[in-house]
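Order of the sequence lines sets the chain letters (A, B, ...), proteins ahead of strands, with each chain counted from 1.
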Amino acid sequence: MALSPEEKDQVDGAPRGPEPPPRNVLTGVTRREPDALREFFEHYLDTVHSLAFRLVGESLAEDVTQDVFFKVHRAAHRLDPERDPRYWLNAITYNTCREIWRSGAHKLEARTVSIQDKPEVGARLRESGRDPEMEYEVSSREASVQAAIESLPEPLRAAIVLHDYQGLGHEAVAEMTGISHVAARKRYSRALAELAKKLRG
Amino acid sequence: MAKNRDDERIGAEDQEARDAVRSLPDVPAAARFRREAAQLFASGRLGPVHADPDFDVDAVASAPPFDESADLPGELTGGASSSGVPASIGVRSTGEPASTRLRPTVVGPRRSWLSPVFGTLAAAAVILILVTLFRPTLGEAWEVVAVSGSGSVSVNDRMFDVGDVAESRLEPGARVRTEGDVVLELVHDGLYALELGPNTDMTLPTSRDGRLFAAEVRNGMATCVTGPRFPGSMLRITAPDADVEVHGTTFAVLADAEKTCISVLEGAVDVRTHDGNVCCVQAGRCKRFYRAPDPHETEESLSDGQVANLTHWQGRSHSLLGAQGPGTH
């Protein structure tokens with residue numbers, strides 16, 4: 001019997017994101033009850049947005065997030081409340097990003113914005129209570145890592161973001177991206193080497 | 001040597017890269033997006049941004065958390081394929097208009113000639129061709145390169161949060177109004193850069209022949225710097241009390257309740273008042289045209305503050321226009 005992605009990832013721990021909401025919420029989502037939908041949205045918004053941000057960058061992260069939740073609503077009646085929705089959301093998010101890469105829409109909007117200019121980053125820095133100089137270094141490092149990720153070819157970017165950022169195992173990544181387990185591991189190794197080179201350079 | 005999650009041995013540099021990715025923090029969605037999208041999602045009115053004709057509910061439902069045996073509900077059967085699943089998600093099948101989206105739809109991929117999306121795209125293409133053939137050239141879009149302040153921006157009488165306008169493109173000839181303390185910086189294809197100050201009401205320059213550009217400032221402050229592609233072109237700005245003609249310079253047009261003020265940092269600006277008089281405002285001068293009940297004109301040297309503001313905007317514009325580069329967009 002084939003393992004589910006949840007079982008495949010047991011060795012790695014759960015993927016990034018909160019634990020599933022109560023079952024009655026998921027059941028309500030299948031019935032498209034507004035309160036349940038609202039709670040589901042609040043529960044997973046940042047998880048979806050974060051993955052989209054890492055995959056397509058800031059300029060398209062909100063667009064992808066909106067498309068993901070549009071698709072979620074369309075398919076909500078098929079949600080199985082017994083299972084962890086994170087895997088499903090990850091798959092939809094990745095596929096939505098892939099559609100954007102294919103359409104070339106990202107090339108129209110590709111743009112980098114200094115992380116220093118973003119108010120949400122500023123708010124996060126203020127909340128952390130760390131030394132401003134250290135915060136500057138941390139946020140600069142984050143920005144350079146994100147820039148390096150975005151400069152990777154899309155398949156390599158997806159390999160490293162899904163595995164290391166999102167916390168999915170190679171089996172789950174292979175299934176999501178439609179390649180073999182071996183190919184997924186090789187692609188990840190190549191992505192890691194490329195990223196290391198860019199961060200050095 | 002360290003081990004990754006799947007027990008692979010990796011080198012120190014790879015390990016450093018891996019750890020850098022793993023330590024990246026979550027990126028919360030903006031509060032505005034959270035608020036608006038939550039409401040639309042809960043009410044079933046959230047539309048797509050990128051039309052995606054390949055997406056179907058079956059494909060989503062084949063993912064693990066879903067019960068594959070369930071049937072589609074009645075309201076989702078519009079545009080059904082032979083397998084009973086929607087063939088396209090680019091058009092809402094609930095009968096509601098797809099206008100309830102937070103961001104405009106970007107052209108999506110097309111794969112089936114029979115897809116309903118094709119009809120829409122074909123119609124759009126025909127319209128585009130007709131417009132291209134029969135409508136005078138309006139020029140490239142303006143690019144909003146920076147915003148500051150808080151408040152709203154009205155574009156052709158549609159209100160937007162200032163954050164939504166950042167990094168967007170505005171059509172030549174669009175009427176833009178800044179509200180609150182919002183300041184917009186725009187560039188136009190290496191031709192010129194514009195700064196719209198708070199509470200400014202302006203029609204962005206547009207051209208019928210790519211050489212003569214026309215704009216209007218109804219209220220507020222618009223500061224303009226011409227760029228490397230401007231020579232040979234002319235910009236005419238209509239203000240409440242005068243028309244300003246520019247051939248390459250750095251200047252500002254201010255219109256308020258009692259006057260229109262033309263401040264010139266570099267070059268010269270031809271001004272034609274609405275009663276037919278023509279004059280030229282030279283570099284370093286500021287000319288004011290007062291209207292009733294006491295219509296008169298004054299001219300004086302630029303104040304230190306005006307010089308400082310114009311010089312600042314000139315430097316900023318040159319970097320923007322230079323970064324954008326002539327002939328690029």
task = Between chain B and each of A/Gly17, A/Pro34, A/Ala148, count heavy-atom pairs under 4.5 Å; write down the option with the most.
result =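 That would be A/Pro34.
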For the student: nearest non-hydrogen atoms of [X] and [Y], plus distance:
X	Y	answer
B/Leu24	A/Arg54	CB-NH2, 3.8 Å
A/Arg16	B/Arg22	NH2-O, 3.7 Å
B/Ala20	A/Val145	CB-CG2, 3.8 Å

Rounded to the nearest 0.5 Å, how far does [atom2] of [Y] lie from [atom1] of [X]?
X	Y	atom1	atom2	answer
A/Thr65	B/Leu46	OG1	CG	10.5 Å
A/Phe40	B/Phe41	CZ	CZ	6.5 Å
B/Glu16	A/Leu192	CD	CG	11.0 Å
A/Arg32	B/Ser43	CZ	OG	13.0 Å

query = Is it the side chain or the backbone of A/Leu51 that comes within 4.5 Å of chain B heavy atoms, both, or neither?
reply =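 Contact with chain B: none, neither part.
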Please tell me if the side chains of [X] and [Y] come closer than 4.5 Å, counting only heavy atoms from C-beta onward.
X	Y	answer
B/Arg32	A/Glu62	yes
B/Asp26	A/Phe53	no
A/Val161	B/Val21	no

Backbone of [Y] reached by a side-chain donor or acceptor of [X] within 3.5 Å:
X	Y	result
A/His49	B/Val27	yes
B/Asp14	A/Ala196	no
A/Gln66	B/Gly47	yes
A/Tyr165	B/Ser23	no

message = Check this for me, if you would: do B/Arg18 and A/Asp164 make a salt bridge, where the nitrogen-to-carboxylate-oxygen distance has to be below 4.0 angstrom?
response = no
query = Is the closest basic N to carboxylate O distance between A/Glu42 and B/Arg34 below 4.0 Å?
reply =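 Salt bridge: yes.
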ask   = B/Ala30 versus chain A, heavy atoms under 4.5 Å apart: side chain, backbone, both or neither?
value = both
